[in-house]
Amino acid sequence: MSALAFIPDEVVKLFQARYGGTPAVYRAPGRVNLIGEHTDYNLGYVCPIALEMACYTLIAPATHGQIRIYSRELEQEFSLPVADLPNAQPRHDWTDYIIGVALELHKLGFTINACDVLVASDVPSGSGLSSSAALEISSALAFLGGRDLDKTELAQLGRRAEGQFVGMPCGIMDQYASVFGEQGFALQIDCRSLTHELVRLPIWCSIIAVNSMVKHELGTLAYRERVKECAAAVEAIQAIDENVQSLRDVSLSFFERIQDSIPMLPRKRARHIISDTQRVVDLAAAAEKNDRREMGRLFVASHRSMQYDYEISCNEIDFLVDTAIKLPGVYGSRMTGGGFGGCTVNLVEPGAFEEFKAKLTAAYEKRHRLTPVFYSCYPADGAGRLQ
Ligand code: GLA
């Protein structure tokens with residue numbers, strides 16, 4: 001585990017006070033995506049880092065015949081008889097993420113026994129930092145309890161639970177980053193081959209996530225629409241080249257040549273996906289060369305592409321980006337995650353952080369009457385057992 005990961009004593013005490021016994025403790029991190037947004041379900045590249053902020057799932061065997069789960073954040077408990085797991089139905093709340101992965105494990109042939117489970121997370125929910133994947137992956141590991149499951153399959157299982165039980169047709173990025181994160185590195189994930197390369201980040205660059213504290217409800221609906229619009233773009237391109245299976249198969253130069261034959265809306269969506277996939281590759285190259293200006297330029301280009309072509313930004317986020325990039329020591333800023341609120345991610349010189357925070361806070365409070373929250377993000381290790 002990361003040297004920075006700590007075993008949250010108070011969470012263990014909370015478990016013991018509630019259920020007794022000595023729980024096993026599993027941790028799975030949230031993530032912040034540096035570049036490559038919505039490219040994952042188009043089988044392109046993404047470039048997230050796993051965070052120190054994580055979800056902890058504590059588990060101990062029980063004799064009451066139930067899967068009994070307590071959420072520290074929500075102060076709610078839920079029980080499901082183990083025998084009912086195969087027929088469990090979504091409740092459209094936090095329990096779906098946990099029961100969803102238990103069900104997926106059951107489908108793979110893993111027996112799920114009666115247990116007491118406690119979940120505690122310091123990944124802010126609704127912030128675009130992937131609290132859901134952290135919950136899914138830490139819970140899946142807890143139910144597995146040391147039984148072997150290939151890491152890529154673990155990530156895919158989390159994604160399936162979210163798509164099928166929670167009902168959010170997400171890509172693989174969040175679960176993959178939560179499983180495979182490595183301290184000190186970003187991951188350049190190839191979402192088609194499900195492999196990754198490590199990207200070492202220059203030491204001058206602090207990665208700061210800024211939480212806009214807004215999450216517009218449009219999220220899931222718009223996500224589904226974007227998935228469909230990308231499929232429509234693929235269909236239009238197939239009329240020209242039948243070998244194209246996804247937007248990953250379309251190079252930027254080919255797209256530029258044929259774009260006029262794609263209807264306007266899918267054309268804009270495709271332009272974002274194809275150019276942002278290229279920006280992932282370019283960001284890794286710029287990081288390698290320690291080229292901070294190029295990294296910053298790519299961040300801003302990615303944001304503009306989300307703002308105008310993919311149309312998933314919002315006023316609050318645009319304001320945070322536009323304000324940040326005028327501040328000293330800030331190389332780039334862009335929205336991160338699914339869209340319509342959540343966080344921006346910023347490349348900031350370490351010495352410039354205090355001024356960045358003070359000025360951005362003052363401007364945002366004045367314009368939007370909200371206080372943004374700042375997180376310094378250090379690339380941390382992926383999921384595992386702590387004790
Ligand atoms: C959400 C999804 C991911 C990805 C991002 C956008 O976080 O869960 O799969 O599509 O949005 O990049």
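No hydrogens, no waters, no symmetry mates; every other heavy atom, side chains included, goes into these values. As the structure is a computational prediction, the values presented were derived from the model and not from experiment. Along the sequence shown, the residues carry numbers beginning at 1. Order of appearance sets the numbers: ligands from 1, and atoms from 1 within every ligand.
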Item checked: For Asp309, the option from Arg304, Arg267, Arg271, Lys268 that meets salt bridge (Lys or Arg N to Asp or Glu O under 4.0 Å) ->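 When salt bridge (Lys or Arg N to Asp or Glu O under 4.0 Å) is applied between Asp309 and each of Arg304, Arg267, Arg271, Lys268, only Arg271 qualifies.
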
[X] N/O under 3.5 Å from ligand 1 N/O:
{"X": "Gly171", "value": "yes"}
{"X": "Glu37", "value": "yes"}
{"X": "Tyr223", "value": "yes"}
{"X": "His38", "value": "yes"}

Checklist line | Atoms in ligand 1 flagged as close to Cys170, the criterion being non-hydrogen separation under 4.0 Å | finding: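 Counting atoms of ligand 1 from 1, those under 4.0 Å from Cys170 are 2 (C), 8 (O), 9 (O).
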
Notebook entry, point to check: Which ligand 1 atoms does Asp40 reach within 4.0 Å, using its non-hydrogen atoms?
Noted result: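 Reading through ligand 1 atom by atom, the close ones are 3 (C), 4 (C), 9 (O), 10 (O).
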
Item checked: N/O donor-acceptor pair under 3.5 Å between Ser178 side chain and Pro29 backbone ->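 Side chain of Ser178 to backbone of Pro29, a donor-acceptor pair under 3.5 Å: yes, one is there.
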
Margin query: Could you check whether any heavy atom of Gly337 sits closer than 4.0 Å to an atom of ligand 1, since that is the contact criterion I want to use?
Written below: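 Yes, that is the case, since the closest heavy atom of the residue is under 4.0 Å from the ligand.
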
Contacts under 3.5 angstrom, residues 11-26 side chains, donor-acceptor by atom type, not counting sequence neighbours:
{"from": "Gln16", "atom 1": "NE2", "to": "Gly21", "atom 2": "O", "distance (Å)": "3.4"}
{"from": "Tyr19", "atom 1": "OH", "to": "Glu77", "atom 2": "OE2", "distance (Å)": "2.5"}

Notebook entry, point to check: Just heavy atoms, cut-off under 4.0 Å: does Arg31 contact ligand 1 by side chain, backbone, both, or neither?
Noted result: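 Arg31 to ligand 1: side-chain contact only, backbone stays beyond 4.0 Å.
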
Margin query: Counting C-beta onward and ignoring hydrogens, is there a side-chain heavy-atom pair between Arg72 and Tyr56 closer than 4.5 Å?
Written below: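 Answer no - side chains too far apart.
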
Check: Is any side-chain heavy atom of Val119 closer than 4.5 Å to a side-chain heavy atom of Ser139?
Finding: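 Side-chain contact under 4.5 Å: yes.
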
Check: Counting heavy atoms only, which of Glu162, Arg159, Met173, Arg226 comes nearest to atom 5 (C) of ligand 1?
Finding: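 The option holding the nearest heavy atom is Met173.
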
Check: Is the number of heavy atoms from other residues, nucleotides or ligands under 6.0 Å of Glu365 CD greater than 12?
Finding: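 Buried by this count: over 12 neighbours within 6.0 Å.
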
